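See below for the structure under consideration.
Every number for a ligand or one of its atoms is a count from 1 in the order of the listing. These figures come from a predicted structure and were not determined experimentally.
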Amino acid sequence: MKTALITGITGQDGSYLADFLVEKNYKVYGLIRRSSTENLWRLHHLHDKIELIFGDLLDHHSLITAIQECEPDEVYNLAAQSFVPTSWNQPVLTGEFTALGVTRVLEAIRVVNPEIRFYQASSSEMFGKVLEIPQKEDTPFYPRSPYGVAKAFGHFLTVNYRESYGMHASSGILFNHESPRRGLEFVTRKISNGVARIKCGLQDKLHLGNLDARRDWGFAGDYVRAQWMMLQRDQPDDYVIATGETHSVEEFVARAFTRAGLNWQDHVVIDQAFIRPAEVDLLVGDPTKAEKELGWKPEVTFEELVDCMVDADLEKVQHEIETGETQPQMKMRS
Ligand code: NAP
Ligand code: G4F
């Protein structure tokens, strides 16, 4: 039985990766940070199948202790401040988590056991103002947010530890991936949740920013499979993980409202509060290397992804109404 430690296990990808590794008969540990309110909703179904251990990417000592206690074969570093707009409001903290946090994890591995295999959650946000279409592993980076800059640091540090110390450190350059477990602040889930609430009469308008931005959207369940595949290779390397298709936010909106039998033009309001200081206009990845070397292919199409997110939120909102558990929508300015 192999052992894995996942940082960021409470997040979208962490929960899908935990599902995947439990299914593969791994002993799974998840690193969580202390919180005054419970935030384990994505993991409840795994309560007797994984173990949680306290630690924080800001606290080097806690990472060393966690790795010593779990004795993992593989570490998946998914923890990060991952919301792009927050990176302009909290650029220093974003650098601490998302950039220097990678250094702390890699150093902890190097000190405790450099044979541990390491996965770094790099991002297509590093391509930013893209210098090539589609984006490949060797496309130069031009990040457009403090988040993108921090991810570029983590990416090159991973390459550097591989080259400096011969560590089995791989970096997945993942394009946007979504699911019913996506955080409510990201545009896809904001849309699917908004559609469900409008359909159920809980709100009438959905405030959004730039509808022209284009993203290469895939399903998170497909993408965590690629993360695991990278660590099974004899040689560590970097891989673009993407569908190769790009769609605008407007296309996502139109499909989501149609799925619920609504006309998006009746409900969507363009709100300057959601326009970013610098935008990433177009992302589309070329996953050829991952297809050839890992044998990885996405299985869920864009249309299936939108439909499954809307259906899941419709079911969730209807259930909340039936059980009287509906929560007021808090106003968030980004
Ligand atoms: P997510 O849902 O926002 O989850 C982020 C995770 O990081 C949460 O578990 C969070 O814990 C944890 N975390 C944040 N700061 C931490 C700290 N200081 N110490 C320990 N844990 C901390 O993100 P995701 O969508 O699953 O993405 C996973 C990773 O892939 C992230 O690194 C993200 O930047 C990267 N990525 C995501 C995408 C995408 O489209 N989803 C694409 C490319 C790359 P709390 O629950 O305590 O906040
Ligand atoms: O869903 P988003 O917030 O995701 P974004 O910025 O592309 O970042 C996500 O994907 C990255 C991979 O490329 C990850 F590394 C990162 O951690 C995160 O998971 O925004 C997508 C697009 C943007 O162009 C944004 O301007 O949607 C546009 N948008 C339009 N209206 C909106 C809104 N985004 C949000 N969050 N909220 C809006 O109201």
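Ion pairing of E96 with R104 is present here, as a side-chain N (NZ or NE/NH1/NH2) and a carboxylate O approach within less than 4.0 Å. The residues R215 and E279 are annotated as salt-bridged, a charged nitrogen and a carboxylate oxygen being separated by less than 4.0 angstrom. With respect to the salt-bridge test (charged N to carboxylate O, under 4.0 angstrom), the residues R189 and D313 qualify.
The shell of residues lying under 4.0 angstrom from ligand 1, judged by heavy atoms, excludes G101. Within the 4.0 Å heavy-atom shell around ligand 1 one finds Y147. By the 4.0 Å heavy-atom criterion, T7 is excluded from the residues contacting ligand 1. The closest approach between a heavy atom of E96 and any atom of ligand 1 is not below 4.0 Å. Put simply, part of K151 is less than 4.0 Å from ligand 1, judged by heavy atoms.
The cationic group of K27 lies under 6.0 Å from the six-membered ring centre of Y29 and within 45° of the ring axis, placing it in a cation-pi geometry.
Polar contact with ligand 1: absent for F186 (N/O pair, distance under 3.5 Å). Considering backbone and side-chain N/O atoms, Q12 comes within less than 3.5 Å of an N/O atom of ligand 1. Residue F83 has no N or O atom closer than 3.5 Å to an N or O atom of ligand 2. Polar contact check, G55 against ligand 1: no nitrogen or oxygen pair lies under 3.5 Å apart. Some N or O of K190 is nearer than 3.5 Å to an N or O of ligand 2, by distance alone. Between W217 and ligand 2, no N or O atom pair is found at a separation short of 3.5 Å. Polar contact check, G14 against ligand 1: no nitrogen or oxygen pair lies under 3.5 Å apart. Between D56 and ligand 1, at least one pair of N/O atoms sits closer than 3.5 Å.
Ring centers of Y16 and F219: under 6.0 Å apart, within the cut-off. Taking the six-membered ring for Trp, W264 and F252 have ring centres at least 6.0 Å apart. You'll find the ring centres of Y142 and F127 outside the 6.0 Å limit.
The aromatic rings of F186 and F83 stand perpendicular to each other, their planes meeting at an angle above 60°, with 30° marking the opposite boundary. Classified by interplanar angle (parallel below 30°, tilted 30° to 60°, perpendicular above 60°), the ring pair Y76/Y119 is tilted.
The local environment of OH in Y165 is crowded, with over 12 non-hydrogen atoms from other residues, nucleotides or ligands closer than 6.0 Å.
Residue-level proximity to ligand 2 for K151 is absent, since no heavy atom of it falls below 4.0 angstrom. Contacts between N39 and ligand 1 below 4.0 angstrom, taking non-hydrogen atoms only, involve the side chain exclusively. Residue-level proximity to ligand 2 for V84 is carried by the side chain, the only part with a heavy atom below 4.0 angstrom. The backbone and the side chain of F186 each have at least one atom closer than 4.0 Å to an atom of ligand 2 (non-hydrogen atoms only). At a heavy-atom cutoff of 4.0 Å, ligand 2 is contacted by no atom of M126, backbone or side chain. Proximity of D271 to ligand 2, defined as any heavy-atom pair under 4.0 Å, is not found for any part of the residue. Contact annotation: for V249 versus ligand 2, heavy atoms closer than 4.0 Å belong to the side chain alone.
Close approach of ligand 1 to F97 is summarised as follows: ligand atoms under 4.0 Å from at least one heavy atom of the residue are 15 (N), 18 (N). Listed by number with element, the atoms of ligand 2 under 4.0 angstrom from any heavy atom of E279 are 23 (C), 24 (O), 25 (C), 26 (O). Close approach of ligand 1 to N176 (heavy-atom distance below 4.0 Å) involves ligand atoms 40 (O). Near S122, meaning under 4.0 Å from any of its heavy atoms, are these atoms of ligand 1: 43 (C), 44 (C). Annotation for ligand 1: atoms under 4.0 Å from non-hydrogen atoms of A121 are 29 (C), 30 (O), 32 (O), 35 (C). With ligand atoms numbered from 1 in the order given, ligand 2 contributes 30 (C), 31 (N), 33 (C), 39 (O) to contacts under 4.0 Å with heavy atoms of G209. Those atoms of ligand 2 that come under 4.0 Å of a heavy atom in S123, given as number and element, are 11 (C), 12 (C), 13 (O), 14 (C), 15 (F).
From the protein, the heavy atom lying nearest to atom 6 (C) of ligand 1 is G8 CA, 3.6 Å. Protein heavy atom in closest approach to atom 20 (C) of ligand 1: L57 N, 3.8 Å. The nearest protein atom to atom 25 (O) of ligand 1, hydrogens excluded, is given as R182 NH1, 3.3 Å; this is a heavy-atom distance. Nearest protein heavy-atom contact of atom 26 (O) of ligand 1 is D13 N, 2.8 Å. Closest to atom 39 (C) of ligand 1 among all protein heavy atoms lies H177 CE1, 3.3 Å. Shortest contact from atom 48 (O) of ligand 1 to any protein heavy atom: R33 NH2, 2.8 Å. Of the protein's heavy atoms, S82 OG, 3.5 Å lies nearest to atom 23 (O) of ligand 1. Counting protein heavy atoms only, atom 21 (N) of ligand 1 is closest to A79 CB, 3.4 Å.
A donor-acceptor pair shorter than 3.5 Å can be found between the side chains of W228 and Y26. Side chains of T243 and D216: a donor on one and an acceptor on the other come within 3.5 Å. In the model, Q203 has a side-chain atom that pairs as donor or acceptor with a side-chain atom of R197 under 3.5 Å. If you check the side chains of Q81 and S87, you find no donor sitting under 3.5 Å from an acceptor. Counting only N and O atoms by type, the side chains of D56 and S62 include no donor and acceptor under 3.5 Å apart. Using modelled atom types, one finds a donor on one side chain and an acceptor on the other under 3.5 Å when comparing D13 with H177.
Residues meeting the salt bridge (charged side-chain N to carboxylate O under 4.0 Å, His left out) test with E304, sequence neighbours left out: none. In this structure K2 satisfies the salt bridge (charged side-chain N to carboxylate O under 4.0 Å, His left out) test together with E74, sequence neighbours excluded.
Between V310 and A260, the shortest heavy-atom contact is CG1-CB, 4.5 Å.
Distances from atom 31 (C) of ligand 1 to the heavy atoms of V224, L78, L63 put L78 nearest. For atom 43 (C) of ligand 1, the nearest non-hydrogen atom from the set T188, I32, L174 comes from L174. Taking all heavy atoms of R276, R215, Q81 into account, the minimum distance to atom 20 (O) of ligand 2 is reached by R276. The closest heavy-atom contact to atom 11 (O) of ligand 1, among the options I241, T10, T94, I173, comes from T10. The heavy atom nearest to atom 32 (C) of ligand 2, considering only V187, N176, D13, is found in V187.
A single hydrophobic cluster is seen to contain both F20 and V22, as judged by linkage of ILVMFWY side chains at heavy-atom distances under 4.5 Å, directly or through other members.
Looking only at distances, a side-chain donor or acceptor of Q135 sits under 3.5 Å from a matching main-chain atom of V284.
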For this session: Report the C-alpha distance between K24 and D19 in whole Å, list the side-chain angles of each, state the deciding distance to 0.1 Å, and finish with yes or no for salt bridge (charged side-chain N to carboxylate O under 4.0 Å, His left out).
Result: CA-CA 9 Å; K24 289 238 167 267; D19 286 345; over 6 Å; no
